[in-house]
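Letters go in sequence order (proteins before strands), and every chain restarts at 1. Predicted model only: the values in this text are computed from it and were never measured.
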Number of protein chains: 2
Amino acid sequence: METTTLQAQSSVISIPAFLAHWQGHRALTRRTILAFPEDKLFTYSVGGMRPFSELALEMIQMAGGGIKGIVSGKWENYEAQSEKYQASTRAELLALWDAVTEDLNRFWPQVTSERLQEMDKAFGAWEGPVYWITFYTVDNEIHHRAQGYVYLRSLGIEPPHFWER
Amino acid sequence: METTTLQAQSSVISIPAFLAHWQGHRALTRRTILAFPEDKLFTYSVGGMRPFSELALEMIQMAGGGIKGIVSGKWENYEAQSEKYQASTRAELLALWDAVTEDLNRFWPQVTSERLQEMDKAFGAWEGPVYWITFYTVDNEIHHRAQGYVYLRSLGIEPPHFWER
C-alpha cells in the first residue's frame, strides 16, 4: 500500500493518456506505411536492413501479441506471434494494423497501476516491470518507424510529419 | 483534488522510474555517437538528411534547454538553445551531452505529478500538457537515434544493441 501511494504521488502519465499517446504513434506509423510505394514497402531497404513491411510486422506482433500479456500476465511465445501475423500485401498489413488498434483500445483500459509495477516476462523471454515492457513496445515502434523515414528520404519521398499524431 | 486522485489511481510510470527510462535512452544514444568514425559523425548522412552530430545537437538542445521549462514553466526560446549548445568535435559534443545528463538528474526530481498535467508552451512555441512535452523530447531522441542506426548500417558498422540501456 505504501508503494502504491508513493507511485500514485509521482505519476508521469495516466493510463488513459498513455493509450492516446500510443495510438497517436500508431496512427503516424500507419501513415508511414501508406507513404511507401507498395513494391518498395516489401523490398526496399538501406544498409542491408529489413524492408519496412517486416519492421511494421514486428510492431504488430509485439503490440498485438503483447497487449493481452501486459494486461493479464498470460503470454504466448514470440514465435507464435510471427506465425499469427503475416502479410504479403499492403492491404493485409493494414488489416492486421487496424485489428491491433482495436485490441489495444479494448484491452489497455483493463490494466491497473499495480499491474504495471509487477515484474513479468514478455513472451516468456524478456523480464522487467510491466511498464517497462509497455514502453519497450512503443519505443521499438518509434525506433523502426524512424528507419522507414530514412528509407523514404533515400527514395526521394517526404515522410509524414513526426509531430502529427 | 479529484483530478489528482484520478491521475494517481491510473499511473503508468513513476517520476523516478521515468528518469531512469530517459537516462537509459540517453546512455544508448551516447554509445551511438561513439560508434561513428569522428569525420562521419559530422559529415555523413543518407537521403539528404542531417549528419548525426546535428541530430545529437538537437537532442541536447531539446533536453538541456527543455528540462528547466518542464520543471519550472520558465522557457527560453528554442533559438537560444541552438546558440547555447554548439559542437564541432566529438569531445565537445560529448561534454555537452554529459552536462545535460547532470542537468536532468538535478532538475527532473523537482517535477510533480500536478506540474506534468499542466498545459504549457515548450520554448514558448509548442503547446500541450507537460507530460506530452516530456514524452516528445524522449521520443524525438529515439526517432533521430534510429536514423543514426541506418547511417551506421550503411557504413557497414553495427550499431549498439537497442535493448541495452
message = Measuring only between side-chain heavy atoms, which start at C-beta, is B/V150 closer than 4.5 Å to A/M49?
response = yes

Under 4.5 Å to a heavy atom of chain A? For B/H143 that would be both

With a 3.5 Å cut-off and sequence neighbours excluded, list the donor-acceptor pairs that the side chains of residues 157-165 of chain B form with protein atoms.
{"residue": "B/R165", "atom": "NE", "partner": "B/F162", "partner atom": "O", "Å": "2.9"}
{"residue": "B/R165", "atom": "NH1", "partner": "B/H25", "partner atom": "NE2", "Å": "3.4"}
{"residue": "B/R165", "atom": "NH2", "partner": "B/F162", "partner atom": "O", "Å": "3.1"}

Solution key, residues 127-137 of chain A side-chain donor-acceptor pairs under 3.5 Å, sequence neighbours excluded:
{"residue": "A/T134", "atom": "OG1", "partner": "A/V130", "partner atom": "O", "Å": "2.8"}
{"residue": "A/T137", "atom": "OG1", "partner": "A/I133", "partner atom": "O", "Å": "2.9"}

Sub-4.5 Å side-chain heavy-atom contact between B/S10 and A/P16:
yes

Rounded to the nearest 0.5 angstrom, the CD1-OG distance for A/I13 and B/S11 is 9.5 Å

Counting heavy-atom pairs under 4.5 angstrom with chain A, the leader among B/I142, B/V46, B/L152, B/D139 is B/D139

